[in-house]
Peer 1: 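What follows is a structure written as structure tokens; I'll ask about it next.
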2 protein chains.
Amino acid sequence: MEKDSKSIKPIKNVPLVEQVEDHIMQYLKANKFKTGDALPKEIELAQNLGVSRNVAREALSRLRMLGIIESKKRKGMVISEPDLLSGVERVLDPDFLGEGTMQNIFELRLVLEVGMSDILFIRKKSKDIDILQDIVTRESQDPECTDDIKVRLAYEIEFHSHLYRMSRNNTLQRFQSMLLPVFHYMMEQEARLELKPKKGSISHQDLVDTIKNGTPRDFRENMREHLTPHYQKLIRQKS
Amino acid sequence: MEKDSKSIKPIKNVPLVEQVEDHIMQYLKANKFKTGDALPKEIELAQNLGVSRNVAREALSRLRMLGIIESKKRKGMVISEPDLLSGVERVLDPDFLGEGTMQNIFELRLVLEVGMSDILFIRKKSKDIDILQDIVTRESQDPECTDDIKVRLAYEIEFHSHLYRMSRNNTLQRFQSMLLPVFHYMMEQEARLELKPKKGSISHQDLVDTIKNGTPRDFRENMREHLTPHYQKLIRQKS
DNA sequence: GGTATAAAATATGTAGTACATAATAAGCGC
DNA sequence: GCGCTTATTATGTACTACATATTTTATACC
């Protein structure tokens with residue numbers, strides 16, 4: 001049952017930590033570890049893998065960051081239940097993402113918001129619509145909104161953020177919160193290029209009305225229309 | 001390290017590695033490190049942070065996993081350009097994701113495929129359509145396709161995978177490849193519950209025709225229709 | 001003087017030891 | 001049995017030493 005890690009595999013091109021990391025994952029999967037199960041102590045892991053405790057700890061630290069394992073002082077380590085993005089969002093920062101990735105993420109946002117229409121209609125509650133309406137009302141009554149681009153951006157983000165929240169999909173929400181800074185950056189860049197508000201023909205108020213009385217299909221197409229300025233940017237880039 | 005009894009450190013329940021990790025990130029951001037810039041040697045980092053080299057290395061190892069830094073033997077460490085999901089996909093495995101997260105991911109897939117229509121139309125090339133057509137043709141001529149659910153699933157995945165590839169959005173593609181195992185799992189589960197193929201009224205061939213001759217809007221709505229069986233599952237779950 | 005080769009220097013990679021910390025279990029006086 | 005102290009145990013942190021790879025410098029030789 002226990003595997004023999006003595007077998008030679010001196011493929012040293014990949015860092016040892018990475019190998020250990022993979023080995024541990026493989027070990028966990030092979031033995032069908034489930035949430036709550038206790039892992040061997042790191043000393044044993046290290047010895048069985050033929051590496052120093054230091055290296056084993058580095059690998060385990062990575063798994064810990066990803067939320068795959070948790071460790072307590074005397075109890076040892078147990079399998080945990082991460083959600084997709086836990087651990088990553090803390091560290092992943094737009095400052096370190098390349099231009100291309102930023103672009104990808106921006107597109108991803110467009111895809112998500114157009115695509116999530118049905119989910120929104122399945123999960124929407126009357127309170128959500130009230131909240132959206134409140135945002136839109138405040139936005140329309142705010143005198144700064146036409147002047148200060150920052151203010152306008154804030155409303156924009158607040159509105160769209162609540163849409164993600166309405167999805168009741170935690171992964172989706174966290175993803176959006178990760179993307180927010182990137183979104184910010186791209187929007188500001190766009191805004192700098194073309195000073196005109198350049199709003200689509202569909203306003204936030206229209207979107208609220210649609211989600212209130214319309215169909216998922218209506219909302220999807222209206223959202224697409226609302227995002228038209230951004231899409232046009234993509235089309236321009238193509239050529 | 002000597003302990004300072006005069007200052008009552010507020011709750012230290014955050015592991016040191018995590019603190020160091022955050023500190024390093026903060027340091028990099030504050031000093032506006034750009035891709036290719038060299039980091040201080042880990043000894044210095046450790047000393048400046050007042051921690052052992054070991055801890056510093058663990059933190060750096062995490063950043064390395066995320067693709068934020070790279071290190072070479074004598075040259076030291078330099079800032080690298082990660083894309084959103086690098087490093088994560090290697091380790092994150094559906095075996096360790098909770099039922100709820102799996103559900104979230106499955107929904108995410110529905111959202112993405114409905115939402116990516118416009119991107120597809122912007123980026124599509126005639127060769128892509130040929131490829132899709134080829135898949136569909138093979139699928140329709142395969143006698144096993146009606147019997148073996150595995151075979152049908154393979155075609156399903158092949159077809160939808162190419163859609164992601166057509167987006168030419170690397171982040172999106174890698175995301176999909178991450179999601180693939182989950183997708184597999186959920187599909188099999190669905191298939192087990194209801195033995196009937198339960199296909200939507202829109203076939204893969206219809207989708208190909210639409211992407212060839214239709215509009216983004218058409219494709220969007222057809223894809224939505226194609227995915228109807230899955231959406232109905234969501235609606236059932238709501239009640 | 002120029003090229004080739006050897007040696008030194010340097011930062012990361014790996015190993016090993018020692019001790020601190022926290023949480024649990026065991027022991028013990030009563 | 002209760003309440004206390006004391007061991008025990010696995011993770012957390014620190015420190016040291018050496019390996020490895022790569023650049024720089026030095027040296028030898030023609």
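A note on names: the letters A, B, ... follow the listed sequences, proteins ahead of strands, and every chain is numbered from 1.
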Peer 1: What's the closest nucleotide to the side chain of B:Lys41 if the choices are C:dT12, C:dA15, D:dT23?
Peer 2: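 Looking only at side-chain atoms, B:Lys41 lies closest to C:dT12.
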Peer 1: The side chain of A:Val55 is closest to which nucleotide in this list: C:dT14, C:dA25, D:dA14?
Peer 2: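 Given the options C:dT14, C:dA25, D:dA14, the side chain of A:Val55 is closest to C:dT14.
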Peer 1: Output the rounded distance in Å from CD (B:Glu44) to P (C:dT10).
Peer 2: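 Distance check: B:Glu44 CD to C:dT10 P gives 12 Å.
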Peer 1: Please state how far atom CD1 in A:Ile43 lies from atom C1' in D:dG12, giving the value in whole angstrom units.
Peer 2: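 Whole-Å distance recorded here is 12 Å.
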Peer 1: Determine whether a donor-acceptor pair (one donor, one acceptor, N or O, separation below 3.5 Å) exists between the side chain of B:Arg53 and the base of C:dG13.
Peer 2: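 In this structure, the two groups form a donor-acceptor pair.
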Peer 1: Both B:Glu58 and A:Arg74 contact DNA chain D. Taking the nearest nucleotide for each, which residue is further toward the 5' end?
Peer 2: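 The residue closer to the strand's 5' end, by nearest nucleotide, is A:Arg74.
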Peer 1: Using a heavy-atom cut-off of 4.0 Å across all strands, would you classify A:Lys72 as base, sugar-phosphate, or nothing?
Peer 2: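 Touches sugar-phosphate only.
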Peer 1: Look at B:Arg152 together with B:Glu156 and state whether they make a salt bridge at an N to O cut-off of under 4.0 Å.
Peer 2: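 Salt bridge absent between B:Arg152 and B:Glu156.
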Peer 1: Within less than 4.0 Å of OP1 or OP2 of D:dG12, is there a side-chain N or O belonging to A:Arg57?
Peer 2: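 Affirmative; the distance criterion is met.
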Peer 1: Could you check whether B:Lys34 makes a cation-pi contact with A:Phe96, meaning its NZ or CZ is under 6.0 Å from the centre of the six-membered ring and within 45° of the ring axis?
Peer 2: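 Checked: cation-pi criterion not met.
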Peer 1: Go through D:dT13, C:dG13, D:dA10 for me and flag the one nearest to the B:Lys73 side chain.
Peer 2: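 Among D:dT13, C:dG13, D:dA10, the one nearest the side chain of B:Lys73 is C:dG13.
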Peer 1: Per the atom types in the model, does the base of C:dG16 pair as donor or acceptor with the side chain of A:Asn54 at under 3.5 Å?
Peer 2: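 Indeed there is one.
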Peer 1: Atom CG of B:Leu39 to atom P of C:dT10: distance rounded to whole Å?
Peer 2: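 Value for this atom pair: 20 Å.
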Peer 1: How long is the line joining CD of A:Gln47 and P of C:dT14, in whole Å?
Peer 2: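 To the nearest whole Å, that distance equals 18 Å.
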Peer 1: What nucleotide, of D:dG12, C:dT14, C:dA25, holds the atom closest to the side chain of A:Leu16?
Peer 2: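 Comparing D:dG12, C:dT14, C:dA25 against the side chain of A:Leu16, the answer is C:dT14.
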Peer 1: Please report the distance, rounded to the nearest Å, between CD in B:Glu18 and C1' in D:dT11.
Peer 2: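 So the two atoms are 15 Å apart, to the nearest Å.
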Peer 1: Please report the distance, rounded to the nearest Å, between CD in A:Glu42 and C1' in C:dA15.
Peer 2: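 A:Glu42 atom CD is separated from C:dA15 atom C1' by 15 Å.
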Peer 1: Can you tell me if the side-chain N/O atoms of A:Ser71 get under 4.0 Å from OP1 or OP2 in D:dG12?
Peer 2: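 For A:Ser71, the contact criterion (side-chain N or O under 4.0 Å from OP1 or OP2 of D:dG12) is met.
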Peer 1: Quickly, which of A:Asp37, A:Leu45, A:Ile68 forms a side-chain contact (heavy atoms from CB on, under 4.5 Å) with A:Met77? Name it, please.
Peer 2: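 Answer to the side-chain contact (heavy atoms from CB on, under 4.5 Å) test with A:Met77 among A:Asp37, A:Leu45, A:Ile68: A:Leu45.
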Peer 1: Atom CG of A:Leu49 to atom P of C:dA15: distance rounded to whole Å?
Peer 2: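 Atom CG in A:Leu49 sits about 11 Å away from atom P in C:dA15.
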Peer 1: Which residue, A:Lys75 or A:Ser52, contacts DNA chain C at a nucleotide closer to its 5' end, judged by nearest heavy atom?
Peer 2: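 It is A:Ser52 whose nearest nucleotide is closer to the 5' end.
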Peer 1: Say whether, by atom type as modelled, one donor and one acceptor occur between the side chain of B:Asn31 and the main chain of B:Leu28 under 3.5 angstrom.
Peer 2: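 Answer holds: no.
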Peer 1: Take the protein atom CD of B:Glu70 and the nucleotide atom P of C:dA11, then report the distance between them rounded to whole Å.
Peer 2: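 One finds 19 Å between P of C:dA11 and CD of B:Glu70, rounded.
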Peer 1: With a 6.0 Å cut-off on the ring centroids, do A:Tyr231 and B:Phe121 count as close?
Peer 2: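 No, they do not, as the ring centres are separated by 6.0 Å or more.
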